[in-house]
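For reference, the structure is listed below as structure tokens.
Scope of the values below: all heavy atoms of this structure, side chains included, with no hydrogens, waters or symmetry mates.
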Amino acid sequence: MRYPQGPWALRRQALSWALLCGLGMSCSLPAAAAPVDRAAISAELPGNDWLAYGRNYSEQRFSPLQQINSQNISELGLAWALDLPEATSLVSTPLVKEGVIYFSATHSVVHAVDARSGKPLWRYDPKVTEAFRDNNPRRQRMYWGMNRGLAMWGNSLFVGTGDGRLIALDMASGEPQWSVQTTDPQSSAIITGMPLAFNGKVLIGFGGADNGPLRGYVSAYDAKTGELSWRFHTVPGNPAEGFENEAMRMAAETWSGEWWKHGGGGTVWNSMTYDPQFNRVYLGTGNGAPWNRKIRSPEGGDNLFLSSIVALDADSGEYQWHYQTTPGETWDFNSSMDMVLAELEIDGEPRQVLLHAPKNGFFYVIDRASGKLISAEKLGEVTWAERVDLATGRPVEVPGARYESGEAFIWPGPPGRHSWHPMSFNPQTGLVYVPALHIPGYYNDMGIDPKKWLHRSHTYAFGLNLGAGDAPREAGSSSLIAWDPLAQREVWSQPTAGAWPGGTLTTAGNLVFQGQADGYLKAFDAASGAPLWQFQAQRGISAPPVSYSVDGVQQISVLVGWGGGGPLVGGSLFAQHGWGYRDQTRRLLTFRIGGEAALPPVTSAALQLLDNPDLQLDAEHVQRGRDLYVRNCQTCHGNDVISGGGAPDLRASALALSPEGFDQVVRGGALQLRGMPVFDDFDQAQLQALQQFIRDRARASQPAEPGLVMEANRSDNHIDKDQP
């Protein structure tokens with residue numbers, strides 16, 4: 001259905017119905033959409049809607065619908081596609097209510113779409129890049145534009161914006177109801193995660209601790225008015241200024257030195273889970289700021305509440321309990337990954353548990369009532385710790401893993417064994433489906449004096465030496481792992497393309513869906529892992545699919561627009577799929593049994609590296625440009641100037657060859673509103689050094705492979721059994 005636009009349209013519709021009824025015609029007012037409340041979000045059945053990030057409060061991403069199943073999956077076809085030409089990174093989980101799909105796109109733009117036809121209903125743009133321009137343009141330098149999703153409560157939608165606002169929108173019209181600034185506009189704080197709605201409140205966190213001094217916290221606002229209800233900090237502040245509560249006083253005892261000058265980190269940038277049974281909120285907290293504990297807490301300490309699950313009373317925000325997965329975190333091993341609620345029978349008794357697979361490589365089963373650890377086992381290769389001691393709940397670390405001698409090579413690396421891409425839990429199979437990464441990490445702080453290190457805002461602030469070389473294609477891989485949380489073992493696994501797979505969905509039809517880096521959306525048998533179906537979406541997929549029903553027909557929807565850290569960090573590992581920043585269309589795709597729509601065939605063009613043979617390179621200028629690039633440009637344009645598709649590849653950019661054009665974009669901010677930050681503090685010599693380094697990398701690169709025609713709509717969507 002298409003909603004009328006704006007409040008006046010709603011009033012006109014109501015007036016029209018009143019006039020018809022007054023004329024004696026047989027009629028009835030259209031039923032108002034049922035407001036979203038705790039009961040609606042908590043519901044397990046019937047599963048027709050998808051009202052929260054993980055479908056309901058359990059965060060299981062399990063759909064009880066089974067019209068699409070492992071027996072008829074070969075009949076699944078594309079129903080419709082909605083092109084999103086203005087979007088770049090698409091990582092959001094769509095929400096679905098009564099036949100309307102709501103999703104957030106690049107720069108926190110919110111869309112409402114008819115789920116039957118794919119027809120756009122309304123669009124709301126919070127003007128994030130304009131907010132950066134008007135408040136603190138340099139803050140945009142570490143902002144990638146992505147947004148992971150929305151929340152619903154009552155008749156409102158809630159979105160967090162990159163510049164730190166929380167906005168309530170009317171669900172029918174998309175018009176803003178209220179807006180609050182949740183972060184300091186002068187800080188490095190940005191919002192890329194989704195809000196959490198419960199009990200008439202909306203909870204929001206933020207990220208950005210990698211990019212400047214930042215102290216984490218979450219804020220709960222009244223869903224109707226936007227008034228602040230409560231706030232909880234995740235790391236303690238300066239003791240001389242007093243503590244907000246006893247939890248902060250307790251946490252301060254686990255820090256040393258003058259940590260507050262570095263902010264501390266611990267931001268809640270992704271996962272938050274509401275537990276209706278205990279009326280609690282669980283926070284998945286982030287890494288330390290800076291990463292290197294030798295700097296922020298020189299005498300050691302656990303540094304609460306970094307890399308932890310923190311349980312709070314949902315009504316008051318008061319501390320209940322915590323479990324720290326990585327005490328004294330120093331590797332970017334945050335616990336911001338999703339936290340799934342389930343009931344498992346353990347030792348013959350039903351237990352209310354929380355399932356968690358953070359970056360550090362262990363899979364945790366935690367008692368939700370007490371916060372006590374039940375079990376923890378390695379989810380693949382882990383070398384920084386031998387095991388987790390079940391008596392203490394602490395990891396048994398391997399000597400040297402903290403780069404005590406100045407360097408360490410360990411598994412996993414900063415991307416983690418499991419990143420933000422959501423896992424799912426199927427209560428019928430009893431398995432958790434985890435998008436797993438297999439990427440090691442090299443840590444080096446040689447030559448860095450912890451006492452003299454300074455925290456620079458709006459650039460990398462790790463407290464480590466940053467590498468500038470390529471991440472080769474063989475540097476990492478990924479897989480889909482089906483994990484038994486009771487036995488704490490792998491049941492099956494399937495290799496996935498590249499090293500940056502999408503989130504997962506599982507259904508009562510004995511299926512697991514996952515989008516992959518090579519552009520395929522795939523379906524697997526949930527019990528055995530057998531590949532059953534695939535569809536080429538013409539660009540990599542990071543976002544998780546959702547399932548819902550419209551007019552009694554089950555549908556699957558997914559956003560196609562490979563996004564997040566991998567496509568931006570780049571290097572050959574992430575560039576191997578051939579996705580260009582401007583080359584492929586981003587879309588919302590919807591599938592149903594018998595769908596017969598088709599995507600237009602496309603040809604991926606070979607990357608054309610540009611050069612000016614008259615430009616003479618100077619080794620000293622190239623080295624200076626390298627240092628500038630690593631600190632300021634690498635986070636978007638890729639290691640060794642090799643883009644994974646999240647931003648333009650500067651080796652192929654004509655602007656990077658033009659001194660005047662390069663100046664207008666980099667220093668003048670000519671493309672700032674389109675997402676390219678302004679670097680107005682660069683001088684001409686720095687600009688020239690950057691151009692020299694970019695050209696040096698273009699000349700060092702091998703010619704790209706010729707373009708290939710992508711077969712996006714095979715007549716047979718089943719898996720070729722002979723396919724490796």
Side-chain angles (χ1 to χ4, degrees), residues 138 141-142 442 444 446-447 456 458-460 462 464-475 567-576 578-583 605-672 676-707:
R138 295 181 183 180
R141 295 179 183 180
M142 305 303 288
Y442 174 68
N444 182 316
M446 290 187 289
R456 299 176 65 243
H458 314 307
T459 185
Y460 285 132
F462 300 159
L464 298 169
N465 296 311
L466 299 178
D470 184 22
R473 183 169 179 166
E474 62 273 12
L568 286 156
V569 172
S572 298
L573 175 61
F574 300 104
Q576 63 178 288
W579 308 126
Y581 179 69
R582 298 182 179 91
D583 294 343
L607 184 70
Q608 299 297 320
L609 305 183
L610 303 181
D611 196 10
N612 176 4
D614 296 330
L615 180 64
Q616 300 296 314
L617 300 185
D618 177 86
E620 184 177 338
H621 288 170
V622 169
Q623 179 59 37
R624 188 183 183 198
R626 170 201 173 278
D627 295 340
L628 286 167
Y629 181 88
V630 169
R631 290 198 306 269
N632 299 282
C633 313
Q634 183 168 279
T635 185
C636 291
H637 293 283
N639 281 48
D640 217 32
V641 202
I642 301 173
S643 172
D649 194 303
L650 297 180
R651 299 170 302 163
S653 169
L655 275 173
L657 272 174
S658 165
E660 296 80 11
F662 201 54
D663 193 348
Q664 290 174 8
V665 170
V666 177
R667 297 203 308 166
L671 299 178
Q672 190 267 332
M676 168 63 195
V678 59
F679 292 83
D680 53 353
D681 50 337
F682 280 18
D683 58 30
Q684 282 292 343
Q686 290 174 311
L687 216 59
Q688 292 170 8
L690 269 175
Q691 287 184 295
Q692 290 251 330
F693 175 66
I694 293 168
R695 206 48 46 212
D696 175 79
R697 292 298 83 203
R699 293 177 182 180
S701 301
Q702 296 296 320
E705 295 180 0

Donor-acceptor pair, distance only, cut-off 3.5 Å: does the side chain of [X] make one with the backbone of [Y]?
X	Y	answer
Q688	P659	no
Q608	A652	no
Q692	G625	no

Report yes if the side chains of [X] and [Y] come closer than 4.5 Å at any heavy-atom pair, otherwise no.
X	Y	result
V569	N639	yes
R699	L615	yes
V641	F693	yes
L690	F662	yes
R695	V622	no
I694	H637	no

What is the minimum heavy-atom distance between [X] and [Y], and which atoms define it?
X	Y	result
L610	A654	CD1-N, 3.6 Å
S643	D649	N-OD2, 3.2 Å
V665	L655	CG2-CD1, 3.7 Å
G570	A471	O-CB, 4.3 Å
D696	L617	CA-CD1, 3.7 Å
Q691	A656	NE2-O, 3.0 Å

Spacing of [atom1] belonging to [X] relative to [atom2] belonging to [Y], to within rounding of 0.5 Å:
X	Y	atom1	atom2	result
Y581	L650	OH	CG	11.5 Å
M142	T635	CE	OG1	4.0 Å
L657	N612	CG	CG	6.0 Å
Q664	S658	CD	OG	7.5 Å
T459	R138	OG1	CZ	12.0 Å

query = More than 12 heavy atoms of other residues, nucleotides or ligands under 6.0 Å from CD of Q684: is that the case?
reply = yes
task = Scan residues 621-644 for pairs that pass salt bridge (Lys or Arg N to Asp or Glu O under 4.0 Å), counting only residues two or more places apart or in two chains.
result = D640-R697
note = The side-chain hydrogen bond (donor to acceptor under 3.5 Å, both in side chains) partners of Q686 (sequence neighbours excluded) come to none
task = With sequence neighbours left out, write down each residue that passes side-chain hydrogen bond (donor to acceptor under 3.5 Å, both in side chains) with D681, or none if nothing qualifies.
result =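 By the side-chain hydrogen bond (donor to acceptor under 3.5 Å, both in side chains) rule, D681 matches R141.
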